[in-house]
Amino acid sequence: MNYIWEAVLQVKKNGICDWGLEYQQAEAPSPYMEVSFCDLNTASIEQNIIKVNPFYRFSAVFEKVLDINNKGYCKTKEIFLDTVMHYMSHMDLRMGMSKREYYCQMVERELEEGQLGERAKAALGLFSRHERKVIVSALLDLVRSGNHTAVFKRLFRELYTDSVIYEDMEIANMLFVYAGKGETEDEKERIHFLTDTFLPFGMRTEIFYAEHFGILDVEETMVLDRILLI
């Protein structure tokens with residue numbers, strides 16, 4: 001681990017908010033590394049204090065402010081270093097990002113802050129990081145296309161690979177959703193979040209979890225003791 005952006009990626013991988021990190025100037029930093037750990041092979045971060053060599057890449061920013069000949073204002077210097085390092089680490093991570101990736105980060109942050117309500121915020125925590133990225137990307141597709149049902153079907157099948165979604169040919173705005181997962185409280189909250197977020201008002205759903213409903217002439221769905229009647 002050499003650069004500050006690597007430290008940010010590591011804490012995010014561990015599910016920790018990077019704004020909780022505190023950057024401090026190392027007393028005896030290596031001239032060849034930006035982050036300064038006692039163990040050069042450190043691959044994980046277990047504390048929120050990151051010792052850095054601020055002159056490794058940003059000498060032009062820090063050389064006058066952190067000049068050892070400038071005495072006083074110690075706390076101000078610490079705050080300045082921490083603030084600038086946070087800003088530069090985020091600039092690093094945004095380099096090479098597309099506009100879509102940037103929007104995805106903004107939407108995910110709004111969801112985590114509860115912009116869609118506390119229940120949706122709690123449900124979002126039941127999804128893995130990869131699943132959250134899939135959900136956020138689908139939200140952008142929904143805003144762009146406005147095709148609620150198509151986006152929902154594509155998203156649901158990506159999150160639940162064994163799922164099957166049927167449209168009722170006799171009843172308008174009715175979906176039968178087979179999840180292919182056991183019925184638990186967490187699973188019910190996950191699916192409620194997906195249907196509530198992506199499907200329009202007036203669309204009704206019937207959710208089936210581990211057991212599929214029977215379909216005439218489809219032998220796989222007509223196994224005794226393993227089918228539901230609707």
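Residues take their numbers from the sequence shown, with the count starting at 1.
Taking all atoms of both residues into account, the shortest heavy-atom contact from Pro200 to His148 is CD-CB, 3.4 Å. Here the closest heavy-atom approach between residue Met33 and residue Asn53 is recorded as O-CB, 3.5 Å. Of all non-hydrogen atoms in Met85 and Pro54, the two that sit nearest each other are CE-CA, 3.5 Å. The heavy-atom pair separating Ser89 from Trp5 by the smallest distance is O-CB, 4.3 Å. Across every non-hydrogen atom of Leu142 and Thr197, the tightest pair is CD2-O, 4.3 Å. The two residues Asp141 and Arg100 make their nearest non-hydrogen contact at OD1-NH2, 3.0 Å.
Under the side-chain contact (heavy atoms from CB on, under 4.5 Å) test applied with Ile191, the options Ile207, Asp196, Thr205 reduce to a single match, Ile207. Screening Asn173, Val151, Leu194, Leu175 for a side-chain contact (heavy atoms from CB on, under 4.5 Å) with Leu199, the sole residue that qualifies is Leu175.
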Please step through side chain to side chain contact (heavy atoms under 4.5 Å, CB included) for the pair Gln25 and Leu66, ending with a clear verdict. CA-CA 9 Å; Gln25 183 176 4; Leu66 300 181; 3.8 Å; yes
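Side-chain atoms of Phe58 and Val84, non-hydrogen and from C-beta on, never get closer than 4.5 Å to each other. At least one side-chain heavy atom of Arg57 sits under 4.5 Å from a side-chain heavy atom of Asp92. Here the side chains of Lys133 and Cys104 are not in contact, with every heavy-atom distance at 4.5 Å or above. Glu206 places a side-chain heavy atom less than 4.5 Å from the side chain of Met174.
Taking the six-membered ring where the residue is Trp, Phe62 and Phe55 present perpendicular rings, their angle passing 60° and hence far from 30°. Ring planes of Phe193 and Phe127: tilted class, angle from 30 to 60°.
Within 6.0 Å of atom CD in Glu27, 12 or fewer heavy atoms from other residues, nucleotides or ligands are found, so the atom counts as exposed in its surroundings.
Taking CE from Met88 and OG1 from Thr83, the interatomic distance works out to 13.0 Å, rounded to the nearest 0.5 Å. With rounding to the nearest 0.5 angstrom, the CZ atom of Phe176 is 8.5 Å from the CZ atom of Arg204.
Ionic pairing of Lys188 and Glu185 is present here: one or more N-O contacts between side-chain nitrogen and carboxylate oxygen are shorter than 4.0 angstrom.
Both Val65 and Tyr56 are part of a single hydrophobic cluster, where members link through side-chain heavy atoms under 4.5 Å apart. Under the 4.5 Å side-chain heavy-atom criterion for ILVMFWY residues, a single connected hydrophobic cluster contains both Tyr87 and Val52. When the side chains of ILVMFWY residues are joined at heavy-atom separations under 4.5 Å, either directly or via intervening members, Leu140 and Ile135 end up in a single hydrophobic cluster.
Between Tyr166 and Tyr178, the gap from one ring centroid to the other reaches at least 6.0 Å.
Legend: residues meeting ring-ring contact (aromatic ring centres under 6.0 Å, His included) with His192, ordered by chain and number and at least two apart, are absent.
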Please report, to 0.1 Å, the donor-acceptor pairs under 3.5 Å made by any side chain of residues 155-165, with sequence neighbours excluded.
from	atom 1	to	atom 2	distance (Å)
Tyr160	OH	Glu187	OE2	2.5
Tyr160	OH	Arg190	NE	3.2
Tyr160	OH	Arg190	NH2	3.4
Ser163	OG	Tyr160	O	2.7

Identify each donor-acceptor pair in which a side-chain atom of residues 114-124 lies under 3.5 Å from a protein atom, sequence neighbours left out, and give them as a table.
from	atom 1	to	atom 2	distance (Å)
Arg119	NE	Glu189	OE1	3.1
Arg119	NH2	Glu189	OE2	3.0

